[in-house]
Asker: 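Handing you a structure now.
Nothing fancy with the numbering, it's 1 onward along the sequence. The figures here come from the full heavy-atom set of this structure, side chains too, leaving out hydrogens, waters and symmetry mates. A quick note: this is a predicted structure, and the numbers were derived from the prediction, not measured.
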Amino acid sequence: MARYEDVHPVDPQPRIVTRTVEKMREGALIAYPTSSGYALGCALENIEGRERMQRIRHLRDDHHYTLLCRDFAQLGQVVEVSNAVFRAVKAVTPGPYTFILPATPEVPRRLAHPKKRTVGVRITDDPLAQLLLAELGEPMLTTTLIMPGEDAPMTEGWLVKDELDHLVDIVLDTGECGVEPTTVVDLSTGTAEVLRYGSGDASSFEV
């Protein structure tokens, strides 16, 4: 049974954040709210956590997982960023965007695309996610919680708890959650390609 945590949307309780991250370090898979719907998250080294994400969402082996980063310092550790790409990402970050970029050697091979060696990255200003990342001290492996056969992410904490009660370990609920997934932009080749239209304005990335 998943533990359900009622979290303050603006000032998340430190004890809940600390307890959640402790469990993540022990292998927990969490469901947490963002400005772009609910997402699943776990520590980078959690191999089983990635496999559980794959089973829950019925993801293919070549799915682009996302590394949620606290800031550009963390982002620069996991992806290669040219000056032009940095300016493009900086202009809309933090925000509801996921960017596909070449992974650095710091990223475990199992987390990158098997052929392209690329990975998704995102910087968010969501208070809860920022505190989780600060406590964790490294990026979080994450994916939007879009269930098989659905086009939009889950947005209600109690529904996440009800549907995934035996599939995740912790459900965090702030009572506030976006309803559209992130806009996904592939910048790995130097030319922007919008892979998914979501809550982020994609006009600056369209040719």
Side-chain angles (χ1 to χ4, degrees), residues 21 24 30 32 34-37 39-47 49-50 53-54 57 59-146 153 178 180-207:
V21 171
M24 289 176 68
I30 70 169
Y32 66 101
T34 78
S35 60
S36 304
L40 299 172
C42 68
L44 290 182
E45 68 273 11
N46 188 348
I47 297 174
R50 175 185 173 276
M53 288 182 187
Q54 194 172 27
R57 288 203 50 200
L59 299 174
R60 300 182 352 174
D61 290 337
D62 61 354
H63 175 75
H64 267 115
Y65 289 90
T66 298
L67 303 184
L68 187 67
C69 301
R70 187 182 181 196
D71 49 31
F72 272 95
Q74 280 194 350
L75 185 142
Q77 295 172 4
V78 295
V79 291
E80 298 174 2
V81 183
S82 67
N83 290 334
V85 167
F86 176 84
R87 288 192 296 270
V89 174
K90 181 74 171 176
V92 296
T93 300
Y97 298 87
T98 298
F99 297 99
I100 307 299
L101 288 164
T104 67
E106 298 292 319
V107 177
R109 184 167 292 276
R110 69 179 182 277
L111 301 184
H113 188 283
K115 294 181 179 178
K116 301 178 181 179
R117 276 295 293 163
T118 49
V119 70
V121 286
R122 182 187 176 194
I123 297 177
T124 177
D125 57 358
D126 292 314
L128 175 57
Q130 277 286 322
L131 287 177
L132 289 171
L133 291 167
E135 185 79 17
L136 196 58
E138 64 179 12
M140 183 197 310
L141 179 64
T142 188
T143 187
T144 305
L145 182 47
I146 301 175
E180 284 189 274
T182 59
T183 293
V184 180
V185 183
D186 189 342
L187 294 172
S188 62
T189 64
T191 301
E193 180 185 359
V194 180
L195 302 183
R196 180 178 73 193
Y197 288 88
S199 54
D201 182 3
S203 59
S204 62
F205 300 103
E206 295 175 318
V207 179

Asker: Applying side-chain contact (heavy atoms from CB on, under 4.5 Å), can you list everything that pairs with Ala103, at least two apart in sequence or on another chain?
Answerer: Val107, Ala112, Arg117, Val119

Asker: In Å, rounded to the nearest 0.5 Å, how long is the span from CZ of Arg50 to CG of Leu141?
Answerer: 8.0 Å

Asker: Check side-chain contact (heavy atoms from CB on, under 4.5 Å) between Thr93 and all other residues, then give those that pass, not counting sequence neighbours.
Answerer: Phe72, Val89, Phe99, Ile123

Asker: Does Ala84 have any side-chain contact (heavy atoms from CB on, under 4.5 Å) partners at least two apart in sequence or in another chain, and if so, which?
Answerer: Ser82, Arg87

Asker: Do other residues, nucleotides or ligands put more than 12 heavy atoms under 6.0 Å from the CZ atom of Arg110?
Answerer: yes

Asker: Which residue pairs satisfy the side chain to side chain donor-acceptor pair (under 3.5 Å) criterion with at least one member in residues 123-142, sequence neighbours excluded?
Answerer: Tyr32-Thr142, Thr124-Asp126

Asker: Looking at OG of Ser36 and CG of Leu145, how far apart are the two atoms once the value is rounded to the nearest 0.5 Å?
Answerer: 13.0 Å

Asker: Measure from the side-chain N and O atoms of Arg122 to the backbone N and O of Thr66, and report whether any donor-acceptor pair falls under 3.5 Å.
Answerer: no

Asker: Whether the side chain of Tyr97 engages the backbone of Asp201 through a donor-acceptor N/O pair (distance < 3.5 Å, no angle test) should be reported.
Answerer: yes

Asker: Of all heavy-atom pairs between Ala202 and Val194, which one has the smallest distance, and what is that distance?
Answerer: CB-CG2, 4.1 Å

Asker: Going by side-chain contact (heavy atoms from CB on, under 4.5 Å), name the residues that satisfy it together with Leu133, two or more places apart in sequence or in a different chain.
Answerer: Leu68, Arg70, Met140

Asker: Stepwise, does the side-chain contact (heavy atoms from CB on, under 4.5 Å) test hold for Val185 with Leu195?
Answerer: CA-CA 6 Å; Val185 183; Leu195 302 183; over 6 Å; no

Asker: Asp186 pairs by side chain to side chain contact (heavy atoms under 4.5 Å, CB included) with which of Thr98, Thr118, Ile100?
Answerer: Ile100

Asker: Check the pair Thr143 / Arg57 against side-chain contact (heavy atoms from CB on, under 4.5 Å), numbers first and verdict last.
Answerer: CA-CA 9 Å; Thr143 187; Arg57 288 203 50 200; 2.8 Å; yes

Asker: Which residue pairs pass the ring pair (Phe, Tyr, Trp, His ring centres under 6.0 Å) test when at least one of the two sits in residues 180-200, sequence neighbours left out?
Answerer: none

Asker: Do Thr182 side-chain atoms and Val184 backbone N/O form a donor-acceptor pair below 3.5 Å?
Answerer: no

Asker: Please report the interatomic distance OH(Tyr65) to CG(Leu59), rounded to the nearest 0.5 Å.
Answerer: 4.5 Å

Asker: Quick one, Pro181 and Arg196 - any side-chain contact, counting heavy atoms below 4.5 Å?
Answerer: yes

Asker: Measuring from Glu106:CD to Leu67:CG, what's the distance to the nearest 0.5 Å?
Answerer: 12.0 Å

Asker: Hey, does Cys69 have a side-chain heavy atom less than 4.5 Å from the side chain of Val78?
Answerer: yes

Asker: How far does CG of Leu136 sit from SG of Cys42, to the nearest 0.5 angstrom?
Answerer: 9.5 Å

Asker: Please confirm whether the backbone N or O of Phe86 pairs with a side-chain atom of Asn83, one donor and one acceptor, at under 3.5 Å?
Answerer: no

Asker: Check step by step if side-chain contact (heavy atoms from CB on, under 4.5 Å) holds for Leu44 and Leu111.
Answerer: CA-CA 8 Å; Leu44 290 182; Leu111 301 184; 4.0 Å; yes

